[in-house]
Amino acid sequence: MEVEFKNKYHNAQNTNKKKIVFMYAGQGSQYYNMGKELFYKNEVFMNSLKLCDSLLQEKLHKSIISIIYDDSKKKDSFNEILYTHPAIFCFGYSLTQVLYHYGVYPDGVLGYSLGEYTAAVVSGMVTLKEGLNLVVEQAKMLHNKCIEGGMMVIFDDIDNFYCNREINRNCTLSGINYDTCYIISGQRDRLLEVNSYLSNRSILSVILPVKYAFHSELIEPIKKDFLKLILDIAYKSPQMSIYSSACAGKLKNYKYYFWDVIRNKIKFKYLISQMNLRNRFIFVDLSPTGTLSNFIKHGFKGEISSFTTIDQFGKNIESLNRTMYNLKIEK
């Protein structure tokens, strides 16, 4: 049973009140045992994840819960697309239900790459079943039709990408998180070459646990089949604003949206910059790592209110309680 959205904080007459925006990250934010403490100690999170799991088993023929919480793999890289796609989606959706239970409801949602699918479901634009179907079918298409590649985050001035042939001739600029943090996509061997090149120059770069080169031409082989799938969806009017990292603004056109969010460049920096013009938003990161909140903190130097719900260090309940407390003060 899906939880109906209720915007507790919406008040048209109170335009000065800051708006809460839930943020959902994409590929690369996943890891084995993410949210484990929540799963075993928070009934709302557990029940929501079990709901998603029951809906997925017909398609996956495996339990996504047993895959995420497999202690024998907790030190391994979680990068198998058939499972990471639904795992990231289900995690974000289930954590949303926990915040609802605490009485925290969003005025808007913000998606980042795959996280835009979770945001769309939370907004009411598509149903939970439709969202799950999209991420599973997309994962199957990628697995069957695309060559493996990867993605890498680089902590360096974005201008250096454009003027450095050692980087831009081998890979595609796939996203800009802030001025000194961007993402590239490409074939695995080329990413390793760039990674080595940057390391020799003391420039920090991290290869993400992602097997496909999202936001690049390497996922074009699935375009025809995926467009056919999304054009059959009967979209509903969202019950809140959807802020898209694919279009760097509020979503207005749904037709090719679910393709654009995995093919086009991520424009997170520009989206947050636009939203911050009036400093009216409180951002709450519902990803497993707090990645998006960290982008805001590092990229905007504390100018924007941003909170991490949980992180990868295991103290989920403590982190969640701290965020709920801080949100009450901020509101």
Quick one, [X] and [Y] - any side-chain contact, counting heavy atoms below 4.5 Å?
X: Val21; Y: Asp107; result: no
X: Lys265; Y: Leu173; result: yes
X: Phe281; Y: Tyr243; result: yes
X: Val284; Y: Leu286; result: yes

(request) For Lys73, look at atom NZ and say whether over 12 heavy atoms of other residues, nucleotides or ligands are found less than 6.0 Å away. (result) no

(request) For Lys59, look at atom NZ and say whether over 12 heavy atoms of other residues, nucleotides or ligands are found less than 6.0 Å away. (result)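 Correct, the count exceeds 12.
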
Please table the atom pairs, donor to acceptor, closer than 3.5 Å between any side-chain atom in residues 191-209 and protein atoms at least two apart or in another chain.
unit_1 : atom_1 : unit_2 : atom_2 : d
Asn195 : ND2    : Ser205 : OG     : 2.7
Tyr197 : OH     : Asn164 : ND2    : 3.1
Asn200 : ND2    : Ser196 : O      : 3.3
Arg201 : NH1    : Tyr197 : O      : 3.1

(request) State plainly whether the residues Lys315 and Glu37 are in salt-bridge range, i.e. N to O under 4.0 Å. (result) no

Run the side-chain hydrogen bond (donor to acceptor under 3.5 Å, both in side chains) test against [X] and tell me which residues pass, sequence neighbours left out.
X: Glu130; answer: Thr127
X: Arg263; answer: Glu220
X: Ser54; answer: none

(request) Locate the shortest heavy-atom distance separating Leu218 from Gly186; write the atom from each residue and the value. (result) CD1-C, 3.8 Å

Does [X] have its ring centroid less than 6.0 Å away from the ring centroid of [Y]?
X: Phe258; Y: Tyr117; value: yes
X: Tyr100; Y: Tyr105; value: yes
X: Phe91; Y: Phe45; value: yes
X: Tyr112; Y: Tyr24; value: no

(message) Going by the rule side-chain contact (heavy atoms from CB on, under 4.5 Å), which residues pair with Thr289 if we only count those two or more places apart in sequence or in a different chain?
(response)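 So Thr289 forms a side-chain contact (heavy atoms from CB on, under 4.5 Å) with Ser29, Tyr31, Ser287, Thr291, Gln312.
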
Check residues 144-158 and write down every donor-acceptor pair under 3.5 Å in which the side-chain atom is one partner and the other belongs to a residue at least two apart or another chain.
unit_1 : atom_1 : unit_2 : atom_2 : d
Asn144 : ND2    : Lys140 : O      : 3.1
Lys145 : NZ     : Asp225 : OD2    : 2.2
Asp156 : OD1    : Asn160 : ND2    : 3.3
Asp156 : OD2    : Asn160 : ND2    : 3.0
Asp157 : OD1    : Asp159 : N      : 2.9

(request) Would you check if the side chain of Asn294 reaches a backbone N or O of Gly290 as a donor-acceptor pair within less than 3.5 Å? (result)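 Yes.
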
(request) Check the angle between the aromatic planes of His85 and Phe214 and answer parallel, tilted or perpendicular using the 30° and 60° thresholds. (result)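 The rings of His85 and Phe214 lie parallel, inter-plane angle below 30°.
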
